[in-house]
Amino acid sequence: MLDHQQELRFCKARRDAIARDFYRLNPEQQKAVLATEGPLLLLAGAGSGKTTVLINRIANLMKYGRGSDCAEVPEWVTPDDLALLENYAQTGEGDPFRIEQLCRLEPAAPWTILAITFTNKAAGELKDRLSAMLGPAAEDIWASTFHSACVRILRRDIEKLGFSSSFTIYDTDDSLRVVKDCLKDLDMDDKQFPPRSVLGYISRAKDALKLAPDYLAECEKSGDYRLTKIAKVYVEYQKRLWDANALDFDDIILHTVRLLQQCEDVRTYYQEKFRYVLIDEYQDTNNLQYLLASTLAGGYENFCVVGDDDQSIYRFRGATIENILSFENQYKGCRVIRLEENYRSTKHILEASNAVIRNNRGRKGKELWTKAGEGEKLHLYSAMNENDEAQYVATRILEHYSQGRKWKDHAILYRMNAQSNQLENACKRNGIPYRIIGGTRFFDRAEVKDMVAYLAVLNNTEDDLRLTRIINNPPRGIGAKTIETATEIARRDGVSIFSVIDNARMYPELDRSAGKLAQFTNLIAELSALLQVLPLDQFYEELMIRTGYATMLETKNTVEDRTRLENIRELLTSINGYLENAGDEPTLAGFLDEIALYTDLDNHDPDQDCVVMMTMHSAKGLEFPVVFVVGVEEGIFPGTRAIGEPEEMEEERRLCYVAMTRAKERLFLTCANQRMLFGRTSANRPSRFVEEIPNEHLERSGRSFLDRSSSWEGGIPSRSSGYEGGFGSYGSYGGYTARSPYDQRPEPRSAEYQSSFVRAMGTGNPPPSGGAYAPQRPKRTVAPAGGVKSAAAAGPDFKKGDMIRHKAFGQGMILSIQKMGGDALVEIAFDNVGTKRLMLKSAAAHMTKLS
DNA sequence: ATCATAACGCTTTTT
DNA sequence: GCGTTATGAT
């Protein structure tokens, strides 16, 4: 037994002893790891080692339980023990086994820890790192996304809410189709009520925990005609999901919350089960998710939320920054720890980012700092157009590559996926390997969704939506009319469409198509039988064949169909992946769950040496040595709908902050004076965010927005600090060429503006006979100072068999040149990097002929 | 019923 | 510029 004084000393020593395990962390990080009990708000800035803290915190929980954060002393502790521990705390010497025994206080079992993240990727990473640190015990930690945790809970108990536990999950696309159908059946105009926006209303209603009938009643009471109509769609929408035994993304959380609220036994079960609850990316939670998390944590209230209010970028889907801003009010007496030391970026990058985010009002206030060096200034390149912009990025990347950087050190970030095209092309023609993350995702492809729809119908024949998707795909002679009448009957009798077509003969209206329908239901029955006996992967192969889907693609045999076929085969990889991971009894339902919540944002493997292109949103949580943020223009970033909307603007600024803080060493921003987007050209001024970066952190090149006209027409040097080093090739021109060196578009049709190369290759001008690419001018001309009409893009002429040196790829020989449009495709065998196919116009800028 | 073409509209971000 | 959808022809 210890006296009170000794107990206090013991607790301090215990804490210090435990802290030794985390000596690598900085003091604030340690605090966060050791504060195990009670509500904790962890404000973790970008690159502050948030995940590390999370992992170590869990490790602490499992190893020492409450040891580091409580005033309790076991009765068996002796003064000798105290001395031992104090000595260890100071010197690190002592029997580790005994020390651990002394420090430990009710270690948490893995299954009592719930760690929730937003993306599958984050959850996977968390699991991996926990496994690496804690071994197999980590398997039992509930580390998952909101959605998968909820599905797990619902599968167990949703029947208490009257749903079947074999529910299917609708993704946004499915939901949208249902809304469209509802609108049609309710005779509503989908221009007056855009399905997307209707879905938004439904989603917000759910976020406010309002069920369809209540919402309708409320809207009727308010007398708002439009809202009432929308509420009616909500009612109908929900009815259809119910009939299909389906839940949408919001329902998954909503019903979990309802289940916990309504069923005391379920609530108590989880509240007692989860001793520690951790929520990552708390700034991205919406109301529903807050309710869920706080309810689950309601037992022990060991509720740790981690987030960064400055990185909240999902307001559009209901995330409310309020959750993080008001956490302290909701949990009086909670502890707040700020992680403000940044381990990722250089000073220039960090301070520029700080300067930008400082313009936001609704924030907790936080200034990141770093011990890292100044690094290089950020760079803004003002391009002439989107093409020039892309070429600039490509050139920079080639340059870095030639200096020894890896491709994968580079990331290109843009505001919207539509911007990726030009960049993709620039990479292609310059021989830069790249990967696009996001965009049309694998599981969003029509052919993949078709195959998944087959699986979904086999899993749940009441899934009318999926059924109608595949009933005539591939074509089976079951037309729209037949489907429509079957749907009507189904609705009338309150049964599923499948049961109607399965008994088609009983309905005179369907008599004519009964044969065709029977063929289809037989197919399903046959597959269903097969499913019972075959393992999932083999079954899937049968599915591809017996449905006729594979055959359909094979016979068409266009380029697209080839890739489609590959895609549906690729689904087999997913199945195998599932079979490997799902240790206990893999089921079709289990697989469908997994892919319903899966996006292929998750499979960006960092080992592949590729430049990575993605939206700024997708980049959250990632880091790269070199980052290009493109399209930094008013109207794009910030987007038009943010201009004039202070709230939206702050969100855009946060997005900007996220994008900028991805960069470790170099950060390039680019904008274009003129850009074609969505088929329209527009001239945008550089983004206000750029103006918010102090000049001491930013250097500029290209042409500024204001002197666009003068430099275009007169070629007067627009700024002394003009672009100076186009990868060595354009380094010495002091004046301005009319065309940017990066421009890849056909040149103006005036002889003075045409380079010899373009004249040879240009669309209207066939190359002169007698040496296809015979020089018309000597080597690349360097513009005279102030020179106006030089042809900077002109290059020497290359021909098959030439030995060349490429600035990034080194020495090589031209294998072939193939004319293509206004350009040519060259195939070059490089000594070191293998054979590459490049577009000549781009490549020429980086190549010299070896004589 | 199915294919082809035209017209149309729509463009953030995603679990 | 894209993809989707509505319409008409086979």
Side-chain angles (χ1 to χ4, degrees), chain A residues 116-123 144-151 169-173 175-177 180 184 190-191 194-197 199-200 203 207 247-253 280-281 284-286 288-289 292 312-319 386 413-422 425 437-441 443-446 471-484 512-513 516 556 560 593-602 614-620 631 635-642 648 651-652 654-656 658-659 675-681:
Chain A
I116 292 192
T117 62
F118 252 84
T119 62
N120 296 303
K121 186 173 141 247
S144 65
T145 63
F146 272 105
H147 294 270
S148 46
C150 286
V151 168
I169 299 166
Y170 277 6
D171 64 18
T172 313
D173 232 55
S175 299
L176 214 52
R177 286 172 75 122
K180 279 181 195 159
K184 206 173 207 172
D190 58 0
K191 280 172 202 90
R196 288 188 151 278
S197 124
L199 207 52
S203 183
D207 192 41
L247 303 185
D248 67 17
F249 282 138
D250 294 318
D251 286 339
I252 291 173
I253 317 266
D280 195 9
E281 308 285 11
D284 289 335
T285 52
N286 62 25
L288 226 38
Q289 287 159 334
L292 175 78
S312 166
I313 53 173
Y314 288 110
R315 201 172 81 104
F316 66 93
R317 64 176 194 213
E386 73 282 356
L413 309 183
Y414 35 79
R415 181 66 240 265
M416 40 192 179
N417 286 118
Q419 287 171 263
S420 68
N421 253 327
Q422 298 298 136
N425 291 337
I437 312 281
T440 10
R441 299 200 301 271
F443 287 102
D444 285 344
R445 287 164 205 261
I471 189 165
N472 197 35
N473 185 3
R476 298 189 176 88
I478 301 169
K481 193 83 187 70
T482 310
I483 296 169
E484 197 182 310
R512 218 152 45 90
S513 25
K516 299 266 173 66
K556 277 198 198 161
E560 289 92 349
D593 269 0
E594 194 168 281
I595 61 172
L597 301 174
Y598 187 88
T599 62
D600 45 4
L601 190 63
D602 310 335
M614 67 185 114
T615 64
M616 301 181 201
H617 282 86
S618 321
K620 196 172 72 162
I636 293 179
F637 186 44
T640 33
R641 76 201 55 208
E648 292 286 321
E651 171 118 338
E652 293 283 291
R654 289 192 293 266
L655 185 57
C656 183
V658 168
R675 163 184 314 269
M676 180 152 77
L677 196 62
F678 305 133
R680 246 167 234 301
T681 53

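Below, chain A is the first sequence line, B the second, and so on; all start at residue 1.
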Quick check for you: among B:dT2, B:dT15, B:dT14, whose closest atom lies nearest to any side-chain atom of A:Asn417? B:dT14
Side chains of A:Thr172 and A:Ser175: is there a donor and an acceptor less than 3.5 Å apart? no
Could you check whether A:Tyr314 and the base of B:dT13 form a stacked pair, meaning centres closer than 5.5 Å and planes differing by less than 30°? no
Once salt bridge (Lys or Arg N to Asp or Glu O under 4.0 Å) is applied, do any residues pair with A:Asp190, and if so which ones, sequence neighbours excluded? none
Nearest whole angstrom, please: distance from the P of B:dT14 to the CG of A:Asp173. 14 Å
Looking at A:Thr615, I'd like to know whether one of its side-chain N or O atoms comes within less than 4.0 Å of OP1 or OP2 on B:dT14. yes
Within less than 4.0 Å of OP1 or OP2 of B:dT15, is there a side-chain N or O belonging to A:Ser148? no
Is any side-chain N or O of A:Asn472 closer than 4.0 Å to OP1 or OP2 of B:dT2? yes
Please list, chain by chain and in numerical order, all residues satisfying ring-ring contact (aromatic ring centres under 6.0 Å, His included) with A:Phe118, sequence neighbours excluded. A:Phe146
Here the distance between atom C1' of B:dT13 and atom CZ of A:Arg317, to the nearest Å, is 8 Å
Side-chain N,O (A:Asn120) to OP1/OP2 (B:dT15) below 4.0 Å: no
With a cut-off of less than 4.0 Å, is there a side-chain N or O of A:Lys516 near OP1 or OP2 of B:dA1? no
By nearest heavy atom, map A:Leu655 and A:Lys481 onto DNA chain B; which one lands nearer the 5' end? A:Lys481
Separation of atom CG in A:Leu199 from atom C1' in B:dT14, rounded to whole Å: 13 Å
Residue closer to the 5' end of DNA chain B, A:Glu648 versus A:Thr117 (nearest nucleotide): A:Glu648
Rounded to whole Å, the CD1-P distance (A:Ile471 to B:dA1) equals 12 Å
According to a strict under-4.0 Å criterion, is A:Thr172 in side-chain N/O contact with OP1 or OP2 of B:dT14? no
Once you round it to whole Å, what is the distance between P of B:dT15 and CG of A:Leu288? 17 Å
Tell me the interatomic distance from A:Gln419, atom CD, to B:dC10, atom C1', rounded to whole angstroms. 16 Å
